[in-house]
Each structure stands twice: as C-alpha cells, then as structure tokens.
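Below is one structure; the comments refer to it alone.
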Protein chains: 2
Amino acid sequence: MESLLQFRYMIERYAPLAESEWEAIAEKASLRFLKRNQPLISLGEACDKLWFVTKGLIRYYQVDRDLEERTTCFSWEGHFATPFSSYLKSTPSYEVLVALEQTEIVEIHREDITAFIETIPAVNSMYRQVLEEAFLQMEHLNFSLQHRTATERYNTLILEEAPELLQRVPLVHLASYLGISPETLSRVRAKISA
Amino acid sequence: MESLLQFRYMIERYAPLAESEWEAIAEKASLRFLKRNQPLISLGEACDKLWFVTKGLIRYYQVDRDLEERTTCFSWEGHFATPFSSYLKSTPSYEVLVALEQTEIVEIHREDITAFIETIPAVNSMYRQVLEEAFLQMEHLNFSLQHRTATERYNTLILEEAPELLQRVPLVHLASYLGISPETLSRVRAKISA
DNA sequence: AACTTCCCTTGACAAAAGTCAAGAAATAGC
DNA sequence: GCTATTTCTTGACTTTTGTCAAGGGAAGTT
C-alpha cells in the first residue's frame, strides 16, 4: 500500500477525515527511508518531528552509565515512533531510535501536528486515543516488570503478545527490553523448549 | 484551601478558565470523603468517574493469581486517581484503589468530563498534558524496573523522587511497588543506613 | 567462497533476591 | 494507657539471575 495512505487510515481508525483535511495533512507529511542500523535520532539531538512507521522496525535504547545500550521499546509498521520526552519538551533526547531493518517512515513537523490537533477534530481524537492506548500498554509492561519473573515476562510480552519480534529482533535486545541478561534469556528459552 | 478550588487551580495550571466555564464544571463536581482503608473502587466494579485527590493518599493494587496484593501505583493530593483501563473502556476494573489515609476527592462523571474536553479548551489542554506527563512518568518507572537494581530503584524512585511516601506508606506496599519482597527492601534500607 | 563480525548458547561460579520463620517494634483502636 | 494487630527486621537457607569466558554457528560483506 502507498505509505502515506497507511497514515491516513491510521487517523481514520479514530474519526473520519474530510478530503480537504487530508490534503492539508498530506502536504505537510514527507517520507523517510532508513537502512539497517541507521539512526532516526541520535543521542542529544532534539526532536521536533513526529514519526509514523509504515514499514520496518525501530529499536529504542538509552546508553547507560556503564556505556551499555539499554533497550526500552520497539515500534513497527502501523505505530508511531518518537523519543517522547524530547518531542514534548524540546530537550536533547536521551534515547536513540535506530532502524533494525530497512524502514520507511512518515514524518511530520511537530508544529504542523500541533496545528492539526487544534484544527482537525479527527487528529485531536486520534492523538488523544493513541496516547491513551500507549499509556495502557505501558501500564501492562510495568506490571509485568514489577511483579513477574523473567520466564513469565518472556512468555507473555514476547511469545504471546509480540511473537513477530522473535524473528526480527536479536535476542540481546529482547533480553534488555525484558530487563534480564542475554544469558538468562537464553536459558529461559532452553528450559521452555525442553 | 477549599477543595474544589484546588481542582480549579489544577486546570488553570494549563490554561485559563472563563468564570462561566468554571461554574459549569463546579456544578458537576462533587466531593467525596474516604476513611483509612476504605476502597474508592473495588475489584470488578466499572469506573465511570474521574477522581482528583485534594487531600490524602490512594494506593492502587491488583490481586494476583496467588491472592497477593500487587501494588502498582500511588496518587496523592494534587494528582488524579483513576483505574485508567476501566475508566477508558468501561470494563470491570482489575485494580483496586484504596485510601491509605483519610482522603478527600473531587469526583466528576466521565460523561461530564468528556463533554468538557470537547467544549472547554482549558480542560482539553489539561487532559492532554496530564496524560502526557503521566506517560513520561511511566516511562521513567519502566526504565528503572527494566534496568536498575532493587537498591537503585529504592534510591531514585522513593528517596529522591517521593520521600514523603516513606512517612505515609507501609514498606510492604513500597516493596511491592518497587517489584521486590519486603525483606529485600528491609535489607536494602539496613545497608544504606549502615 | 572466504572472511569477518555478530549472535547465541553453555558451563562454572558469584551475587542478588526470594522464602520461611521468629521475634521486636510500632501503631491503631478501644 | 493498654491490648491486639500490624509492620518491620533479621537469620538461615533456596532459588533466581548475573558475570565471565569460551566456542559454535549464522549472517553480512567483499
């Protein structure tokens, strides 16, 4: 499917768009292509764009005190990708977003999106609801991290809820996302398949 | 301070309210008082109200498979309190909100708030920004749970960022919130003060 | 195809955290 | 002020997870 259209359908999942509204949005939206391992935003850059992934997969990570990369999140086709704190507060990003695969992205400047949120009800509604859903997702992840063992987290967060990540993300990064070492993840997997 | 006014100030932190707008809101808002240990919402109840705490402290927990209470969150004066999933989706709540102290709350029906979000720009703006801030908070908690040890979590999440909880919340619940056993928390504290 | 790099697993051991049980200390409620 | 209850700590032990190190295998690049 044409990539811009994917973004239109995303908005219209929440409320219909008038043709003129869509044209206004499409005019401000541009496409961006990333190669494997290419960063979408690097450490310390400020982010003034909103991104929507139409193809491919983005990994989020922070560089920790010990210089290790700590993976915090993934975004793939059909989802937004943004270093949210930097986007909202116009501060240097402490997280890096990098493509794990060839990735295609719809990009819109924050000022344009902000304007659309004010003027286009469908965008307002979409923005609010995407935020609400992301919040619930996050609550879910939180509970898992607070109160579940490594094995349980792997089972629910990966095997049940995002099995496609297994094919697309190196296990080191999944381990980091689950808050465990790669070796522990390896053993968890060995025990399950035994 | 008069409690309803606290709620008004909350909204006006984000954008000014016309007097007529505030009157419309005040008319729909009511006060509610909870004694220590009194639930604000119980397991399986659906939530169709939004709550704002003006005095006191609310603990959130879920009852797990092993019948243990897993604490997930706290809300105190100046913050909203809501079983967000139940509130948004009108589904039975899987979390319980209970007062840890004598607590005073501003209550507004969801339909009224929804209407105000549509019609009063300040409420729209406040709602969106409170959600955004809560999301950032959650990201922060998440990172801590994913990538920090028990001791580090206690240091940052409690000692640095919410020390007043120490005086107000039994350590069992703080331990659960940090994703560790009460014994471990006790040892962490012993090691720190040594 | 050969080479390099990255990825994953496994073993041995160390460290961190959980569990069970007992008792001390603090607190709520009368 | 007293009592019953809750809360917190500590010890001994178990389980889980992390760390270090080595090796095999897959995948990307030239």
Side-chain angles (χ1 to χ4, degrees), chain A residues 34-38 56-57 59 61 64-71 74 98-103 144-159 165-194, chain B residues 34-38 56-57 59 61 64-71 74 98-103 144-159 165-194:
Chain A
L34 299 172
K35 294 197 184 117
R36 208 173 114 78
N37 293 326
Q38 190 179 339
L57 176 56
R59 174 171 79 101
Y61 70 85
D64 214 337
R65 297 179 290 240
D66 57 4
L67 303 184
E68 285 296 309
E69 297 181 356
R70 309 287 180 195
T71 297
F74 302 96
V98 62
L100 283 179
E101 311 170 348
Q102 276 209 22
T103 295
S144 206
L145 290 164
Q146 275 173 330
H147 304 298
R148 295 282 179 254
T149 65
T151 308
E152 292 171 318
R153 294 205 292 276
Y154 175 70
N155 274 323
T156 60
L157 298 177
I158 309 296
L159 287 187
L165 290 186
L166 269 183
Q167 318 306 324
R168 302 171 70 179
V169 178
L171 295 181
V172 218
H173 300 143
L174 288 185
S176 180
Y177 176 71
L178 294 172
I180 59 181
S181 69
E183 292 92 338
T184 296
L185 178 54
S186 189
R187 287 177 185 120
V188 161
R189 285 162 51 81
K191 202 172 266 178
I192 287 175
S193 62
Chain B
L34 299 172
K35 295 198 183 112
R36 208 175 113 78
N37 294 326
Q38 190 179 338
L57 177 56
R59 173 171 78 102
Y61 69 85
D64 213 337
R65 297 179 289 240
D66 57 4
L67 304 183
E68 285 295 309
E69 297 180 356
R70 309 285 180 196
T71 297
F74 303 95
V98 63
L100 282 180
E101 311 171 347
Q102 276 209 22
T103 295
S144 206
L145 291 164
Q146 275 172 330
H147 305 296
R148 294 282 179 256
T149 65
T151 308
E152 292 171 319
R153 295 205 292 276
Y154 174 71
N155 274 324
T156 60
L157 298 177
I158 308 295
L159 288 186
L165 290 186
L166 269 183
Q167 319 305 323
R168 302 171 71 179
V169 178
L171 294 181
V172 219
H173 299 145
L174 288 185
S176 181
Y177 175 71
L178 294 172
I180 59 181
S181 69
E183 293 92 338
T184 296
L185 178 55
S186 189
R187 287 178 185 118
V188 162
R189 285 161 51 80
K191 201 171 268 178
I192 286 176
S193 63

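Every chain is numbered from 1, with letters handed out A, B, ... down the list of sequences.
- Between the CZ atom of A:Arg189 and the P atom of C:dT10 there is a distance of 10 Å, given to the nearest Å.
- In this structure, the side chains of B:Phe74 and B:Arg59 come closer than 4.5 Å at one or more pairs of heavy atoms.
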Per-nt protein contacts along nucleotides 18-30 of chain C (heavy atom under 4.0 Å; B base, S backbone sugar-phosphate only, - none) come out as SBBB------S--
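- Between the C1' atom of D:dC8 and the NZ atom of B:Lys191 lies a distance of 18 Å, rounded to the nearest Å.
- Straight-line distance from the CG atom of A:Leu165 to the P atom of C:dC7: 16 Å, rounded to whole Å.
- A:Arg168 places a side-chain N or O within 3.5 Å of a backbone atom of A:Gly56 that can act as its donor or acceptor partner.
- Considering only heavy atoms from C-beta on, B:Leu166 comes within 4.5 Å of B:Leu174 through its side chain.
- Look at CZ on B:Arg148: it is 14 Å from P on D:dG18, rounded to the nearest Å.
- A salt bridge between A:Glu152 and B:Arg65 is present, with a side-chain N of the basic residue lying under 4.0 Å from a carboxylate O of the acidic one.
- Note: CG (B:Leu100) to C1' (D:dT6) measures 14 Å, nearest angstrom.
- Toward the 5' end of DNA chain C, the nearer of the two residues B:Thr149 and A:Val169, judged by each one's closest nucleotide, is A:Val169.
- Between B:Arg153 and B:Gly179, the shortest heavy-atom distance links the atoms NH2-O, 3.9 Å.
- Around atom CD of B:Gln102, no more than 12 heavy atoms belonging to other residues, nucleotides or ligands sit under 6.0 Å away.
- Under the 4.5 Å side-chain criterion, counting only non-hydrogen atoms from C-beta, A:Leu145 is not in contact with A:Leu178.
- Looking only at side-chain heavy atoms (C-beta outward), B:Val98 and B:Leu34 stay at 4.5 Å or farther from each other.
- Remark on DNA chain D: of its neighbouring residues B:His173 and B:Ala190, the 5'-side contact belongs to B:His173, judged by nearest-heavy-atom nucleotide.
- Rounded to whole angstrom, the span from the CZ atom of A:Arg153 across to the P atom of D:dT16 amounts to 14 Å.
- Comparing the start and finish of the helix from C:dA1-D:dT30 to C:dC30-D:dG1, five pairs each, the helix axis swings through 70°, to the nearest 10 degrees.
- Residues B:Val169 and B:Thr71 form no side-chain contact, since every pair of their non-hydrogen atoms from C-beta on lies 4.5 Å or further apart.
- Distance, A:Leu174 CG to C:dC8 P: 8 Å, rounded to whole Å.
- Atom NE2 in B:His147 sits roughly 16 Å away from atom P in D:dT17 (whole-Å rounding).
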